[in-house]
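A quick write-up on the structure given underneath.
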Amino acid sequence: MAAFAQAPPLALHFQEATRSSSSQPPRPRTRPSPPAQRPTTAHPPLPGTSPSSASEPLIVSETKLITMHSCAGRLEDARKVFEGMACRDLLAWSAMIGAYAIRGLYKEVVPLAVTMVREGVIPDRFLITRILQACAYTEDLELGVAMHSLAIQSGFMVERARDVPVGNSVLAMYVKCGELGRARVVFENMGQRDLGTWNSMIFGCCQSNEWEEARRLLDDMRHEGTEPGVITWNTLISSYARSGELDVAMEMLEQMEESGVAPDVITWTSLVSGFVYSDRGGEALRCFMRMRLAGVEPNGMTIASAISACASLRLLSQGMELHCHAIKVGSVNNVLSGNSLVDMYAKCGEIVAAKRIFNEIPEKDIFSWNSMVAGYAQAGYCGKAYELFCKMESLGVRRNVITWNIMISGYIRNGDDERAFELFQMMESYGVKRDTASWNALIAGSVHNGHSDRALRIFRQMQSLLVRPDYITILSIIPAFANLVAFSKVREIHTCIFHNYLEMDGKIANALINAYSKSGDLAGACAVFDRHSSRNIISWNCIILAHLLHGSPSEALDCFCEMKQEGVLPDHTTLTAVIKAYGLQGKVSEVKQIFYNMTHDYNITPDLDHYAAIVDLLGRSGCLQEAYEFIDNMPLIPNLAVWEALLTAATIHGNARLANLAARELSSLDPSDTRIQRLVFNYWDLTGKSADVPLMTVYNKGRELKDVDSCSVEIKNKVYLFSTSDNLALESTVAELKLIMIQIRMSLLNICNGTDAEEEKEELSGIHCEKLAIAFAISNSPPLRSIRIIKTLRMCSRCHIFAKLVSEKYERQILIKDSNCLHKFKDGKCSCEDKNV
DNA sequence: GACCGCCTTT
């Protein structure tokens with residue numbers, strides 16, 4: 001056994017110390033054949049083996065022949081010899097099993113091992129180790145347990161140095177089979193341990209998310225005098241990175257470097273891909289840079305991950321640099337890098353480049369196809385996407401649930417709901433089972449297209465079919481409840497999150513803040529925000545916007561200060577909100593201060609939203625000419641929001657010249673845009689007509705639009721829809737409503753002297769729908785109950801006064817969300833302090 | 001010891 005004892009220990013997965021020896025080519029064993037073996041003759045000389053003399057016939061044992069065939073890569077020949085043997089002893093089994101094991105063909109090892117045991121051959125410590133390795137790989141617990149007991153019976157698991165490899169492979173087998181409890185028992189009973197032992201055990205703990213235990217083992221091993229190696233650190237770092245604990249992973253990286261172990265390509269790749277997976281692309285790229293600076297060469301997997309980071313950040317130029325790098329490293333034709341490149345180019349809008357890369361991937365896998373289909377679908381080319389979708393089928397590439405989901409989501413997001421539902425119905429008949437993401441695509445798409453009711457129906461249907469919603473379902477459905485009428489649903493979904501054992505994810509919390517706020521519950525929004533454990537810029541934007549929506553600009557600005565104190569950098573949205581908040585307070589100089597210094601202070605270039613907010617502010621404060629000059633001097637082409645702001649302000653201040661100018665500019669932007677048609681219609685309807693021909697066309701189109709203004713109100717779980725034009729539909733209640741309104745009108749007349757153009761208009765075209773809704777709610781809902789109304793257009797000043805008076809007279813809180821803001825009427829006052837009418 | 005695609009928050 002001397003020769004065997006000196007043979008290199010087997011390459012276990014966690015055996016760092018022996019890695020170099022395991023990578024060497026296997027050496028044929030030199031043990032002399034035992035006399036019991038039949039000598040084999042008349043075999044032709046093997047290529048690469050030169051017989052000592054050409055005249056002498058070569059005599060080799062069958063076992064040796066197996067080894068020779070195996071070394072030459074002819075496994076089938078080796079197998080034939082093995083099968084033909086009349087009597088197979090331990091050496092023959094070792095040779096045959098070893099031939100497969102060395103090549104990682106563990107699936108072949110398992111049945112051989114089973115037969116061997118059945119034939120009564122007892123494996124030695126080396127063969128047992130090999131078989132256990134195969135059990136670990138194939139997760140064959142049954143055979144593993146048998147080998148474990150055999151090892152005990154044979155006395156291979158005692159406290160000797162040479163027992164360590166056997167113990168390690170038993171341990172590794174249990175860990176890989178997910179039997180951490182059994183692994184722990186083996187670990188505790190091992191008299192001697194080496195680095196591989198600790199690595200296996202730590203891997204097991206990480207796999208079962210027993211982080212504390214893993215950290216304790218790290219301390220223990222150092223106590224016992226074994227310093228963690230590169231695999232130890234990589235195991236911990238990659239596990240933390242994969243489970244999203246990137247900050248801990250980075251901490252471990254520091255410790256690793258401090259302990260003198262240099263991070264290798266796997267360490268860095270784990271971190272880069274971990275950051276990508278956690279949607280922290282910027283940090284992924286920083287990690288990649290650190291790796292380069294440390295002189296570690298990236299491999300295909302590292303580059304693929306870094307390219308994905310560029311894809312999520314839409315960094316085309318950096319992505320292209322990495323593309324060059326991939327070419328240099330020679331991994332560009334690799335499926336992994338190729339797929340990342342397809343995704344990156346597609347997400348950056350370079351669909352042609354994406355297609356070129358796709359065509360060049362020699363062995364496309366399902367990921368390649370799905371990335372390309374998704375590229376087309378997300379760019380709005382559903383036809384092209386569908387073409388590929390069909391091509392896959394004809395080429396025999398099996399489409400998976402993700403392929404179907406991509407198509408469903410592509411169609412619904414591009415407005416073809418019918419086709420999306422059709423595919424959703426069809427997929428199961430093609431043998432593809434729908435998953436939660438399939439349902440999510442429909443829900444998200446419906447919400448996206450404004451069909452909140454349908455989204456809710458789908459959500460309920462999926463639950464009735466026992467498809468469990470995940471956090472994306474919740475995230476997708478929440479915006480459907482982000483309105484005044486659905487206020488009770490927000491609490492319902494908040495409860496549902498706990499019922500489904502879904503963690504309070506950061507994104508869900510953000511969506512909830514928004515939903516609570518928009519449903520009129522500022523306190524609810526604040527409560528979620530206060531308990532939010534991982535606030536990001538979006539969370540702050542949500543709460544700042546919530547205060548703004550509820551007419552509390554000073555609280556919004558307080559939040560902004562607090563945010564800066566916490567070291568969170570504002571983004572475009574934050575600054576737009578801040579400009580609006582200062583604007584509501586009439587602090588023009590503060591607004592200018594922010595606006596003109598935003599590039600310097602926050603590295604943010606003003607965009608159209610900022611310009612529109614400034615125009616709105618200047619216009620409302622009566623500086624109409626300044627507002628117009630501001631537009632005239634802006635470096636960007638003004639959009640709808642900018643001209644709308646000027647039109648509204650000019651209308652309020654009765655500046656017909658500028659209002660007309662704004663209306664004309666609006667209608668020249670896109671005369672077919674219904675939103676513009678409505679704006680122009682509404683403006684002219686209010687101010688009277690002139691002979692402006694181009695405006696006339698848009699005005700007429702606006703007039704043709706159905707439901708020019710409508711509002712909805714919920715009473716006893718029913719949503720009632722009111723429209724300015726269909727007063728008559730409410731005949732039964734109209735008399736009652738009129739009575740209430742006459743009473744209120746009397747009060748109104750006392751405040752406003754006489755009538756104005758707006759009221760005359762109302763007399764002619766019918767009562768404004770919010771008045772109808774208020775009156776209807778007053779007479780049909782229980783006293784003291786708040787009245788919640790959603791309205792498509794902006795409230796007029798008279799309805800605003802009307803609502804204030806009703807809130808006082810009837811002691812009701814009235815919440816009205818119009819196209820511009822949320823009005824909370826209470827005790828005769830409105831939260832917008834009359835600044836938003 | 002690691003791996004790319006679908007559904008997601010202001």
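For clarity, every value in this text was computed on a predicted model and none was experimentally measured.
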[N], OP1 or OP2 - any side-chain N/O from [X] closer than 4.0 Å?
{"X": "K347(A)", "N": "dC4(B)", "answer": "no"}
{"X": "N405(A)", "N": "dC7(B)", "answer": "no"}
{"X": "S409(A)", "N": "dC7(B)", "answer": "yes"}
{"X": "S308(A)", "N": "dC4(B)", "answer": "no"}

**Row check, W268(A) ring normal vs R290(A) NZ/CZ: under 6.0 Å, within 45°** = no
Hey, does [X] reach any base, or is it just sugar-phosphate, or nothing, if we go heavy atoms under 4.0 Å?
{"X": "Q207(A)", "value": "nothing"}
{"X": "S476(A)", "value": "sugar-phosphate"}
{"X": "N299(A)", "value": "base"}
{"X": "I406(A)", "value": "sugar-phosphate"}
{"X": "I472(A)", "value": "base"}
{"X": "N400(A)", "value": "base"}
{"X": "T269(A)", "value": "base"}

With the side chain of [X] defined as its heavy atoms from C-beta on, choose the nearest nucleotide among [options].
{"X": "S340(A)", "options": "dT9(B), dC4(B), dC6(B)", "value": "dC4(B)"}
{"X": "I402(A)", "options": "dC6(B), dC4(B), dA2(B)", "value": "dC6(B)"}
{"X": "S273(A)", "options": "dT10(B), dT9(B), dA2(B)", "value": "dA2(B)"}
{"X": "I366(A)", "options": "dG5(B), dT9(B), dC7(B)", "value": "dG5(B)"}
{"X": "N339(A)", "options": "dT8(B), dC4(B), dT10(B)", "value": "dC4(B)"}
{"X": "I266(A)", "options": "dT10(B), dA2(B), dT8(B)", "value": "dA2(B)"}

**Request:** Strictly below 4.0 Å, heavy-atom distances to any atom of DNA chain B: list the hits from residues 439-452 of chain A, or just say none.
**Result:** N440(A), A444(A)
**Prompt:** By side chain to side chain contact (heavy atoms under 4.5 Å, CB included), which residues pair with L569(A), not counting sequence neighbours?
**Reply:** none
**Request:** Check the pair W233(A), Q255(A) against side chain to side chain contact (heavy atoms under 4.5 Å, CB included), reporting the backbone distance first and the verdict last.
**Result:** CA-CA 9 Å; W233(A) 290 110; Q255(A) 285 186 38; 3.7 Å; yes
Mind calculating the distance between [atom1] ([X]) and [atom2] ([N]) to the nearest angstrom?
{"X": "R413(A)", "N": "dC7(B)", "atom1": "CZ", "atom2": "P", "value": "7 Å"}
{"X": "L475(A)", "N": "dT9(B)", "atom1": "CG", "atom2": "P", "value": "6 Å"}
{"X": "L271(A)", "N": "dC3(B)", "atom1": "CG", "atom2": "P", "value": "11 Å"}
{"X": "M462(A)", "N": "dC7(B)", "atom1": "CE", "atom2": "C1'", "value": "10 Å"}
{"X": "L341(A)", "N": "dG5(B)", "atom1": "CG", "atom2": "C1'", "value": "14 Å"}
{"X": "H494(A)", "N": "dT9(B)", "atom1": "NE2", "atom2": "P", "value": "18 Å"}
{"X": "R242(A)", "N": "dC4(B)", "atom1": "CZ", "atom2": "P", "value": "11 Å"}
{"X": "L423(A)", "N": "dC6(B)", "atom1": "CG", "atom2": "C1'", "value": "14 Å"}

**Prompt:** Quick one: are the ring centres of F529(A) and W540(A) less than 6.0 Å apart?
**Reply:** yes
**Prompt:** Only one of F424(A), F421(A), F459(A) clears ring pair (Phe, Tyr, Trp, His ring centres under 6.0 Å) with W439(A); which?
**Reply:**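 That would be F424(A).
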**Asked** Which pairs count as side chain to side chain donor-acceptor pair (under 3.5 Å) when at least one residue sits in residues 274-283 of chain A, sequence neighbours excluded?
**Response** D247(A)-R280(A), R280(A)-E283(A)
**Request:** Indicate the ring-plane relationship of W198(A) and F187(A), choosing parallel, tilted or perpendicular according to the 30° and 60° boundaries.
**Result:** perpendicular
**Mutual orientation of the aromatic rings belonging to F358(A) and W369(A) [parallel < 30°, tilted 30-60°, perpendicular > 60°]** =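 Geometry flag for W369(A) against F358(A): perpendicular rings.
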**Message:** Can you say whether a donor on the side chain of D264(A) sits under 3.5 Å from an acceptor on the base of dA2(B), or the other way round?
**Reply:** no
**Request:** Go through D343(A) and S340(A) one step at a time and tell me if the side chain to side chain donor-acceptor pair (under 3.5 Å) criterion holds.
**Result:** CA-CA 5 Å; D343(A) 183 46; S340(A) 302; over 6 Å; no
